[in-house]
Amino acid sequence: MDIKKIKATIECLLFVAGDPVSLKDLSSVLEIDQVTLKKIINQLKDDYEDGTRGIKLVEINGSYQLCSKPEFYDFVEKLLKPKAKTGLSQASLETLSIIAYKQPITKSAIDLIRGVKSDACITRLLEKNVIKEVGRMDGPGRPILYGTTDTFLRLFGLKSINELPPLKDFE
Amino acid sequence: MDIKKIKATIECLLFVAGDPVSLKDLSSVLEIDQVTLKKIINQLKDDYEDGTRGIKLVEINGSYQLCSKPEFYDFVEKLLKPKAKTGLSQASLETLSIIAYKQPITKSAIDLIRGVKSDACITRLLEKNVIKEVGRMDGPGRPILYGTTDTFLRLFGLKSINELPPLKDFE
Amino acid sequence: MSINIKLEIFEGPFELLFHLIEKAKVDIYDIPIAEITDQYIEYLNMMKSLDIDLASEFLVMAATLLEIKSKMLLPKAPKNNEVEEDTDPREELVKKLLEYKAFKKLSLVLKERLNINEKALCKDSSLADEIIDSFALPDKLSIELLIDKFQTLMKRRESYDNRNFGKIYRDNFTVEEKISHILSILATADILYFDDLLINCISKLEAIMTFLAILELIKRRKIYVEQSGNFDKIVVRRR
């Protein structure tokens with residue numbers, strides 16, 4: 001694998017992971033020794049310093065993570081602030097609507113619909129008390145089933161779950 | 001703001017948002033008219049085609065989103081073991097392609113084309129969120145009409161439904 | 001004549017027909033209907049003898065094939081009017097078969113696209129959630145802030161009350177009354193200062209009722225309260 005492709009793969013891995021990934025894990029996935037890999041990562045770090053990049057590579061305790069450059073924070077705030085009224089990101093709202101319409105539903109079924117992991121959203125919705133565990137599905141691993149709570153109904157001004165508008169009204 | 005900085009800001013915004021961001025929202029956050037912005041985004045899209053990048057910029061129904069390049073999927077799988085496979089059967093794909101071209105369409109119209117009942121396929125496609133109910137047909141029984149979703153566009157790498165290859169080409 | 005097909009399960013009658021047509025290596029526009037019909041029915045019989053349930057669509061197609069076969073055997077009716085065109089009895093079936101075939105090919109193209117694009121993964125958007133959290137003033141926090149502020153104001157009131165000792169006030173304010181009072185102010189004014197609302201209360205009880213009304217309105221999501229800086233005035237707005 002040439003150095004360009006290695007850099008691209010690292011970017012891809014860090015992007016999808018979201019969380020910090022250790023040098024050790026990167027090294028074993030890419031099958032490149034840690035010393036060489038570290039050199040490449042340091043090069044990559046410099047690449048991100050280019051003025052056209054909005055993200056950067058940070059090192060935390062021997063792990064690496066992509067994060068947004070702080071100088072653009074004002075724009076981020078401008079984009080996300082209108083969404084702060086519900087205190088839920090678009091992703092969490094999406095997850096919530098899937099749960100509302102398809103309850104009871106497992107996490108993996110939600111992941112499949114959204115095409116992305118929903119762990120963080122589910123944790124957040126549980127914290128906000130708009131969803132709850134409603135049981136477990138029969139079958140291997142007995143995965144948790146989620147459903148909406150009374151808080152959800154109150155928050156969205158619904159008397160009961162049957163009052164949800166039919167799905168076609170969306171979009 | 002120079003073009004470099006605009007590109008960096010767009011990257012930053014899309015990175016933070018995770019979900020698709022509409023051209024409209026980007027335009028109002030950056031205070032750049034949509035026509036100019038669209039040109040810059042298209043340039044940025046090309047920038048990502050560079051061999052050192054592991055992510056790319058995709059357009060779905062007038063919204064933009066960053067996602068990982070599929071060619072690095074094997075590495076992602078090795079690191080994170082994500083559940084990405086949609087697992088649609090040939091029959092479901094057939095049903096889906098009929099819906100994609102003939103939407104809005106009723107179940108019985110699909111059955112007629114396939115020569116066989118499509119109930120199970122439709123249920124599965126609804127579950128995977130690639131199709132949705134888009135309304136009801138006037139007439140006896142007011143049958144449900146089905147159409148495709150944005151998830152469909154994303155999974156099949158289409159900007160909009162107009163990008164589907166013409167059916168004529170397959171006759 | 002025996003047909004030579006593996007025991008395959010076909011999704012529907014069209015699939016079976018395609019299989020037979022391909023096997024016979026014939027032109028789809030000129031299907032030897034008698035031959036194909038026989039093979040089709042033979043297949044159905046074989047499935048039946050193996051006790052395999054066949055969907056009713058297979059039987060409907062068998063009937064259609066037999067109908068076409070019989071039409072083709074009939075001598076052509078003399079043309080007695082212009083509306084009755086000399087149509088091929090196979091035409092309708094061929095049209096359907098071709099349409100189905102087009103979608104079948106298309107679905108293979110879609111499958112390829114899916115195989116590539118489902119491997120393009122999006123990012124977990126917890127980052128956006130974290131940022132949103134940082135500027136969304138959660139109701140819990142703002143209520144603590146409000147209680148704090150309320151207590152400070154009440155202390156100030158107490159000294160004020162002492163100076164007005166001896167006066168008689170109306171003492172029967174209710175939360176509901178205060179709620180409609182606040183909402184009526186906000187119906188015309190865009191904002192309302194928390195301090196002003198409390199300072200203007202005549203009695204401690206009225207201030208408490210006003211405060212409870214504010215909490216209730218926050219809970220009902222009718223209003224929200226915000227403070228731009230640490231020592232700025234707390235502003236009440238309609239949601």
Side-chain angles (χ1 to χ4, degrees), chain A residues 2-18 21 25-26 28-30 44 47 50-56 66-80 82-83 89-91 93-94 98 102 108-109 111-117 166-168 170-171, chain B residues 2-21 25-26 28-30 44 47 50-55 61 66-69 71-73 75-76 78-80 82-87 126-130 132-136 144-145 147 149-151 154-155:
Chain A
D2 66 18
I3 198 150
K4 275 186 142 193
K5 209 186 153 196
I6 297 170
K7 284 182 178 179
T9 314
I10 296 169
E11 180 176 69
C12 177
L13 288 170
L14 295 182
F15 174 81
V16 179
V21 181
D25 285 352
L26 285 175
S28 75
V29 166
L30 287 157
L44 186 58
D47 295 348
D50 185 89
T52 62
R53 307 301 311 267
I55 52 179
K56 60 178 185 172
L66 289 180
C67 64
S68 61
K69 286 190 180 168
E71 58 258 47
F72 302 113
Y73 185 78
D74 289 350
F75 292 102
V76 171
E77 188 174 331
K78 218 168 142 190
L79 178 72
L80 296 178
K83 286 160 188 146
S89 67
Q90 201 49 44
L93 280 173
E94 200 180 292
I98 292 168
K102 312 235 166 184
S108 61
D111 289 354
L112 223 53
I113 292 174
R114 296 191 54 228
V116 58
K117 282 204 297 168
L167 264 181
K168 65 173 157 85
F170 290 108
E171 278 181 87
Chain B
D2 67 20
I3 199 151
K4 274 185 141 194
K5 207 185 155 198
I6 296 170
K7 284 182 178 178
T9 314
I10 297 170
E11 180 176 71
C12 179
L13 289 171
L14 295 182
F15 176 80
V16 173
D19 298 310
V21 181
D25 281 357
L26 286 174
S28 73
V29 167
L30 287 155
L44 186 57
D47 295 349
D50 186 86
T52 63
R53 306 302 310 268
I55 53 177
N61 257 346
L66 291 179
C67 67
S68 69
K69 286 190 181 168
E71 58 259 46
F72 302 113
Y73 182 77
F75 293 102
V76 175
K78 222 164 136 190
L79 180 71
L80 300 166
K83 211 176 195 164
K85 297 281 162 59
T86 322
L126 283 169
E127 263 170 32
K128 302 270 174 189
N129 200 33
V130 287
K132 63 182 174 192
E133 296 183 21
V134 291
R136 282 180 181 269
I144 296 166
L145 289 163
T149 63
D150 281 356
T151 306
R154 182 171 57 76
L155 281 174

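Here is the naming used below: chain letters follow the sequence lines, and residue numbers restart at 1 for every chain. A quick note: this is a predicted structure, and the numbers were derived from the prediction, not measured.
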- Message: Using 0.5 Å steps for rounding, measure from the OG atom of A:Ser28 to the CG atom of B:Leu79.
- Response: 8.0 Å
- Note on the structure: Comparing B:Ile3, B:Leu66, B:Ile10 against chain A, the one with the most heavy-atom pairs below 4.5 Å turns out to be B:Leu66
- Task: Tell me, for A:Lys5 versus chain B, whether the close heavy atoms (under 4.5 Å) come from the side chain, the backbone, both or neither.
- Result: both
- Note on the structure: Minimal heavy-atom distance between B:Ala8 and A:Gly51, with the atoms involved, is CB-O, 3.4 Å
- Message: I need the B:Phe15 CZ to A:Ile55 CD1 distance, nearest 0.5 Å.
- Response: 5.5 Å
- Message: Could you walk me through whether A:Leu30 and B:Phe75 satisfy the side chain to side chain contact (heavy atoms under 4.5 Å, CB included) test, starting with their C-alpha distance in whole Å, then the side-chain angles of each, then the deciding distance to 0.1 Å, before giving a yes or no?
- Response: CA-CA 7 Å; A:Leu30 287 157; B:Phe75 293 102; 4.2 Å; yes
- Task: To the nearest 0.5 angstrom, please state how far the CG atom of B:Leu126 sits from the NZ atom of A:Lys102.
- Result: 6.0 Å
- Quick one: CD on B:Glu71 to OG1 on A:Thr9, what's the gap to the nearest 0.5 Å? 9.0 Å
- Task: Write down the atom of A:Ser68, the atom of B:Cys12, and the distance for their closest heavy-atom approach.
- Result: CB-SG, 3.6 Å
- Look only at the side chain of A:Glu11 and the backbone of B:Thr52, and say whether a donor-acceptor pair between them is shorter than 3.5 Å. no
